[in-house]
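Model, not experiment: these values are computed from the prediction. Remember, it's 1-based here, ligands and their atoms both numbered in the order they're listed. Here, residue 1 is the first one in the sequence, and each next residue gets the next number.
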Amino acid sequence: MSTVLRDKDILHVKDIKLEHISLVMDTAARYESVLQSGGHLTNMVGKILATLFYEPSTQTRLSFETAMLRMGGQVVSVADAQVSSSAVKGETLYDVGKLLQGYADVAVIRHRHEGSAQELANGAGIPIINGGDGAGQHPTQSLMDVYTIQKECGRLNNLNVTIAGDLKNGRAAHSLAWLLGKFGPRFHFVSPEELRMPVEITEALRGEGIEIVESSDLIAAVAKSDVLYMNRVQKERFTQPEDYERLKSVYQVDAALIDQARHGMTIMHPLPRAGELSRDVDEMEGAAYFRQAYNGVPIRMALLALVTGNE
Ligand code: NCD
């Protein structure tokens with residue numbers, strides 16, 4: 001039993017240390033093998049997870065709720081919280097945090113504002129997990145991404161990794177860059193000029209000695225990569241619809257493009273896809289994105305159990 005993450009909020013990947021990553025991955029692997037052998041877990045019996053989704057989600061919400069149920073816990077939920085919760089009456093996230101602690105043992109929030117998970121955590125006396133805050137962070141996504149890379153590539157160190165698409169607004173891309181940066185990768189950040197990775201992230205990584213090649217040339221990047229992490233252009237972050245229309249289709253990952261990639265490249269995507277990843281890739285050898293989505297369940301099981309001290 002480890003107390004390293006007990007009572008901790010999971011808000012930003014900057015707070016996730018190497019020892020946390022191995023603890024979460026080891027715990028997830030243990031749970032995954034129980035599930036795959038048809039076993040049952042009861043470590044969260046009597047515990048309640050609250051899911052507060054102020055922004056749309058399929059995978060993140062379902063995988064958190066599945067994770068809790070698979071450990072014998074229960075879930076209370078506000079879906080469509082932006083329209084169905086007291087947010088419409090002016091309720092602050094700080095106050096939601098205050099009342100949450102009387103209802104649940106742990107909570108997950110997704111919200112369109114950067115910093116929203118922190119605001120909820122400021123009020124709450126229970127662990128808060130950031131399920132995506134605007135164009136900011138998505139720490140649990142990057143933990144499942146790293147877990148997926150370990151499983152698919154057999155290692156995390158010294159990989160050539162292309163992160164491509166809307167790197168300005170994609171929180172999954174931001175979190176993965178921070179987290180994978182701990183393992184000494186060679187990064188290729190591929191995007192149109194207007195959608196480049198925030199300079200705050202590239203500067204910090206370069207300061208750590210990470211080699212980063214920034215370009216708009218996806219074919220050149222995949223020819224050298226062990227992993228391609230593709231992202232959709234984040235429609236909901238654009239203020240001008242015509243900008244989105246102009247940029248939404250700049251990249252198209254299809255079987256023809258993958259044929260030009262390094263042999264055996266692992267292809268990942270946080271999903272949902274919105275035209276930048278063709279279905280003709282789905283049956284290709286390296287296509288890992290649906291396995292990646294599945295990995296969200298054991299990783300989120302591990303996180304829920306570890307922050308509540310019930311692993
Ligand atoms: C991502 C998100 O919401 O940031 N989706 C997810 O959680 N799997 C990526 C995206 O929406 O593009």
Side-chain angles (χ1 to χ4, degrees), residues 10-13 28 49 51-67 77 79-82 107-117 128-149 162-180 189-192 195-198 201 227-238 244 247-253 267-278 281-282 287-301 303-304:
I10 309 290
L11 302 177
H12 194 297
V13 283
L49 163 70
T51 55
L52 297 149
F53 279 73
Y54 294 80
E55 251 199 349
S57 166
T58 308
Q59 189 194 141
T60 303
R61 180 162 160 233
L62 285 183
S63 62
F64 264 113
E65 296 188 359
T66 301
S77 191
D80 292 330
Q82 197 57 42
V108 181
I109 178 173
R110 168 170 288 189
H111 196 285
R112 70 179 190 283
H113 289 150
E114 234 175 293
S116 50
I128 299 299
I129 300 177
N130 181 1
D133 60 335
Q137 285 283 306
H138 197 350
T140 70
Q141 177 72 46
S142 57
L143 284 163
M144 64 192 252
D145 294 342
V146 165
Y147 185 64
T148 302
I149 293 170
T162 293
I163 305 182
D166 184 352
L167 306 186
K168 177 180 178 208
N169 299 302
R171 56 197 174 199
H174 298 166
S175 289
L176 184 64
W178 284 116
L179 204 67
L180 206 54
F189 292 160
V190 177
S191 70
L195 300 179
R196 283 171 70 165
M197 185 70 83
I201 298 180
V227 177
L228 166 63
Y229 191 93
M230 195 63 208
N231 298 271
R232 76 184 165 94
V233 177
Q234 308 275 307
K235 182 179 185 183
E236 65 275 37
R237 310 282 173 234
F238 282 75
Y244 172 71
L247 293 164
K248 69 177 185 191
S249 308
V250 276
Y251 298 117
Q252 176 79 47
V253 175
I267 306 153
M268 297 173 64
H269 192 302
L271 303 174
R273 54 182 157 185
E276 68 291 333
L277 176 59
S278 301
V281 180
D282 293 2
Y289 32 94
F290 291 116
R291 292 192 290 278
Q292 179 187 356
Y294 165 76
N295 289 335
V297 174
I299 282 291
R300 288 168 172 141
M301 289 171 74
L303 284 167
L304 292 169

With I10, which of I128, N130, L304, L303 fulfils side chain to side chain contact (heavy atoms under 4.5 Å, CB included)? L303
Nearest heavy-atom contact between Q137 and L11 is CB-O, 3.9 Å
Considering all heavy atoms, the nearest A293-Q59 contact: CA-OE1, 3.6 Å
Main chain of [Y], side chain of [X]: is a donor-acceptor contact present, judged purely on distance under 3.5 Å?
X	Y	result
D133	G115	yes
R110	G131	yes
R237	V233	no

Mark up the atoms of ligand 1 that fall under 4.0 Å of a heavy atom belonging to [X], in ascending order.
X	value
T60	6 (C), 7 (O)
Q141	6 (C), 7 (O), 8 (N)
Q234	10 (C), 12 (O)

Measuring from non-hydrogen atoms of R110 to any atom of ligand 1, is the shortest distance under 4.0 Å? yes
P272 N/O to ligand 1 N/O under 3.5 Å: no
Give yes if a backbone or side-chain nitrogen or oxygen of E236 is under 3.5 Å from a nitrogen or oxygen of ligand 1, and no if not. no
Tell me whether the guanidinium CZ or amine NZ of R300 lies under 6.0 angstrom from the six-membered ring centre of F64 and within 45° of its axis. yes
Location of contacts on L271 toward ligand 1, heavy atoms closer than 4.0 Å: backbone
Closest to atom 3 (O) of ligand 1 among protein heavy atoms sits R171 NH2, 2.9 Å
heavy-atom search around atom 10 (C) of ligand 1 in the protein gives R232 NE, 3.4 Å
So between Q59, M144, H138, whose heavy atom ends up nearest atom 7 (O) of ligand 1? H138
